[in-house]
Amino acid sequence: MNDALVEQKAALRRQAYDARNAQEHKDEVSGTIIERFVALPEYAAAQTAMWYLDVRSEVRTRHRLADALASGKRIVVPYCTVDEHGANRLGLWHLTSMDELVVGKWKILEPPRERWGEAGKEIDPRELDLVMVPGVGFTRDGARMGNGQGYYDRLLDRVRPTAPLVALAFECQLFPDLPVSPHDVYMDKVITEKAVHTGRGRHAPRSR
């Protein structure tokens, strides 16, 4: 990635963080977004669904996770770890109770480190039928800007092409355009408090 693109993304990231931090009534607005998410036919069809656990000023998800756990679906949550080469990687955990979670890296709820890799709890990305994706900024056609750590880039490369990628965001996090790198993927849906935006999905060209 060239220096100009890095600087452009950093400036847009700061703008998006500021907008997200300033979002008022986060609990109420997040509730509206989650209602739209669980009403999706793609979510209804998913047997195994990944939810992210909100941190800082992200769209809040944790308050609805208990309902998701009671729905009969297999609910999966991510945690931040590294691969055998030391690169950032998301582990995937089959969550059956909110009591399984503790405060971990960056104050994100996650399974206890001593249980990582436990048989029957670790999930392969290819088992996911739908992925809820957080982010810093998005476009209405599904381009995504993350935190720059690469966790979701690496995960989404391993998810089945038929599994929808559904981003949650406040409307204030949407941009008319974002710089897209060759490794970036487009979301299938971007849900805000105002609308469900249809994205270009992973079949879109990876650069523009």
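If you read the sequence from its start, that first residue is 1, and numbering goes on from there. None of these values were measured; they are calculated from a predicted model.
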Would you give the length of the straight line joining atom [atom1] of [X] to atom [atom2] of [Y], rounded to the nearest 0.5 angstrom?
{"X": "Ile34", "Y": "His63", "atom1": "CD1", "atom2": "NE2", "result": "10.0 Å"}
{"X": "Ser97", "Y": "Ile75", "atom1": "OG", "atom2": "CD1", "result": "13.0 Å"}
{"X": "Asp124", "Y": "Arg126", "atom1": "CG", "atom2": "CZ", "result": "4.0 Å"}
{"X": "Leu90", "Y": "Arg158", "atom1": "CG", "atom2": "CZ", "result": "10.0 Å"}
{"X": "Gln23", "Y": "Glu193", "atom1": "CD", "atom2": "CD", "result": "5.5 Å"}
{"X": "Leu53", "Y": "Tyr79", "atom1": "CG", "atom2": "OH", "result": "13.0 Å"}

Can you name the closest pair of heavy atoms from [X] and [Y] and give their distance?
{"X": "Ala143", "Y": "Leu178", "answer": "O-CD1, 4.0 Å"}
{"X": "Leu101", "Y": "Val77", "answer": "CD2-CG2, 4.3 Å"}
{"X": "Ala19", "Y": "Cys172", "answer": "O-SG, 3.4 Å"}
{"X": "Thr81", "Y": "Gly91", "answer": "CG2-N, 3.8 Å"}
{"X": "Gly201", "Y": "Asp188", "answer": "CA-OD1, 3.5 Å"}
{"X": "Ala167", "Y": "Met187", "answer": "CB-CG, 3.7 Å"}

Can you classify the ring geometry of Tyr151 versus Trp106 as parallel (below 30°), tilted (30 to 60°) or perpendicular (above 60°)?
perpendicular
Assess the residue pair Met50 and Leu165 against the criterion (side chain to side chain contact (heavy atoms under 4.5 Å, CB included)); give the C-alpha distance rounded to whole Å, side-chain angles, the decisive distance to 0.1 Å, and a yes or no.
CA-CA 10 Å; Met50 177 177 142; Leu165 309 180; over 6 Å; no
[Y] side chain reached by [X] side chain, heavy atoms, under 4.5 Å:
{"X": "Tyr152", "Y": "Pro134", "result": "yes"}
{"X": "Thr96", "Y": "Lys121", "result": "yes"}
{"X": "Phe175", "Y": "Gln15", "result": "yes"}
{"X": "Leu109", "Y": "Val102", "result": "no"}
{"X": "Tyr186", "Y": "Val180", "result": "yes"}

Worked check of side chain to side chain contact (heavy atoms under 4.5 Å, CB included) between Arg89 and Arg154
CA-CA 7 Å; Arg89 179 181 73 85; Arg154 295 185 181 93; 5.5 Å; no
Main-chain N/O of [Y] paired to [X] side chain as donor or acceptor, under 3.5 Å:
{"X": "Arg200", "Y": "Val185", "value": "no"}
{"X": "Glu58", "Y": "Val55", "value": "yes"}
{"X": "Thr61", "Y": "Tyr52", "value": "yes"}
{"X": "Asn147", "Y": "Gln149", "value": "no"}
{"X": "Glu100", "Y": "Pro111", "value": "no"}
{"X": "Trp51", "Y": "Met132", "value": "no"}
{"X": "Lys73", "Y": "Ala44", "value": "yes"}

[X] atom [atom1], neighbour heavy-atom count above 12 within 6.0 Å:
{"X": "Glu114", "atom1": "CD", "value": "yes"}
{"X": "Arg113", "atom1": "CZ", "value": "no"}
{"X": "Glu118", "atom1": "CD", "value": "yes"}

With sequence neighbours excluded, what pairs up with Lys189 under the side-chain contact (heavy atoms from CB on, under 4.5 Å) test?
Leu40, Glu42, Val166, Val196, Thr198
Could you tell me which residues satisfy side-chain contact (heavy atoms from CB on, under 4.5 Å) with Thr48, sequence neighbours excluded, listed by chain and number?
Arg74, Val76, Leu128, Asp129
Is the shortest distance from a Lys or Arg side-chain nitrogen in Arg144 or Asp184 to a carboxylate oxygen in the other one below 4.0 Å?
no
Lys/Arg-Asp/Glu bridge criterion (N-O < 4.0 Å) met for Lys26, Asp54:
no
Determine whether Arg202 and Val159 satisfy the following criterion, side chain to side chain contact (heavy atoms under 4.5 Å, CB included), listing intermediate values before the conclusion.
CA-CA 11 Å; Arg202 280 174 287 174; Val159 172; 3.8 Å; yes
With a 4.5 Å cut-off on side-chain heavy-atom distances among I, L, V, M, F, W and Y, is there a chain of contacts connecting Leu65 to Val103?
yes
Under the side chain to side chain donor-acceptor pair (under 3.5 Å) test, which residues partner Glu171, sequence neighbours left out?
Arg140, Thr192
Step by step, work out the side chain to side chain contact (heavy atoms under 4.5 Å, CB included) result for Trp116 and Glu110.
CA-CA 10 Å; Trp116 292 1; Glu110 65 180 24; 3.5 Å; yes
Exactly one of Arg14, Lys9, Gln8 clears side-chain contact (heavy atoms from CB on, under 4.5 Å) with Leu12, and that residue is Gln8
